[in-house]
*Asks:* 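Could you have a look at this structure, given as structure tokens, before my questions?
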Amino acid sequence: MTLSPLTSEAKAILLELMTNLEELTLDDYTERIALLGNASFGEHTRHIIELFQQLNEGYASGHVDYDNRKRDKRLQENIDFALETLAILISDLCKPDKEIYLTTLYNNQKVK
């Protein structure tokens with residue numbers, strides 16, 4: 001199956017993230033950085049991975065709810081686990097386009 005331009009770009013970004021992670025020490029990965037809102041590179045990586053995981057999990061039902069995603073702290077504390085998870089996400093990217101609905105909180109109310 002040929003990748004759509006959006007899927008190709010997502011794959012390229014995730015591969016670039018993997019390359020960047022391979023360059024970091026664990027201290028670099030977990031250090032809190034003021035410029036990142038006092039979060040770590042690992043915390044931002046976890047967030048990116050979980051958004052892709054939620055999209056992948058919601059693909060079958062056609063419904064994605066990022067607010068109710070499972071938060072796995074191992075992703076922000078363990079570079080190898082993050083890399084393994086990214087490799088799985090990349091391999092799962094190739095799916096046919098379809099309509100997917102997003103549920104999110106807006107003004108403290110769930111909206112679709």
*Asks:* Pairs under 3.5 angstrom only: tabulate donor-acceptor contacts from the side chains of residues 82-94 to other protein residues two or more places apart or in another chain.
*Replies:*
from, atom 1, to, atom 2, distance (Å)
Thr85, OG1, Phe81, O, 2.8
Ser91, OG, Ile88, O, 2.7
Asp92, OD2, Asn56, ND2, 3.4

*Asks:* Are any non-hydrogen side-chain atoms of Thr104 and Tyr66 less than 4.5 angstrom apart?
*Replies:* no
*Asks:* If you count heavy atoms of other groups shown closer than 6.0 angstrom to NZ of Lys73, is the number above 12?
*Replies:* no
*Asks:* At what distance, to the nearest 0.5 angstrom, does CD of Gln76 lie from CZ of Phe41?
*Replies:* 13.0 Å
*Asks:* Pair up each side-chain donor or acceptor in residues 48-55 with any protein partner under 3.5 Å, not counting sequence neighbours, and list the distances.
*Replies:*
from, atom 1, to, atom 2, distance (Å)
Glu50, OE1, Arg46, NH1, 2.8
Glu50, OE1, Arg69, NE, 3.2
Glu50, OE2, Arg46, NH1, 3.4
Glu50, OE2, Asp72, N, 2.7
Gln54, NE2, Asp65, O, 3.2

*Asks:* Glu99 versus Tyr101: any side-chain heavy-atom pair under 4.5 Å?
*Replies:* yes
*Asks:* Quick one: pull up OG1 in Thr103 and CG in Asn68 and give me the separation to the nearest 0.5 Å.
*Replies:* 8.5 Å
*Asks:* Counting only heavy atoms not in Asn38 (residues, nucleotides, ligands), do more than 12 fall under 6.0 Å from its CG?
*Replies:* yes
*Asks:* For the pair Glu43 (side chain) and Ser40 (backbone), establish whether a donor and an acceptor sit closer than 3.5 Å, ignoring hydrogens and angles.
*Replies:* yes
*Asks:* How many angstroms lie between CG in Leu36 and NE2 in His44, if you round to the nearest 0.5 Å?
*Replies:* 4.5 Å
*Asks:* In residues 11-22, what donor-acceptor pairs under 3.5 Å come from side-chain atoms, sequence neighbours left out?
*Replies:*
from, atom 1, to, atom 2, distance (Å)
Thr19, OG1, Leu15, O, 3.1
Asn20, ND2, Glu16, O, 3.4

*Asks:* Between Asn78 and Tyr29, does the side-chain contact (heavy atoms from CB on, under 4.5 Å) criterion hold? Intermediate values first, please.
*Replies:* CA-CA 8 Å; Asn78 184 324; Tyr29 189 66; over 6 Å; no
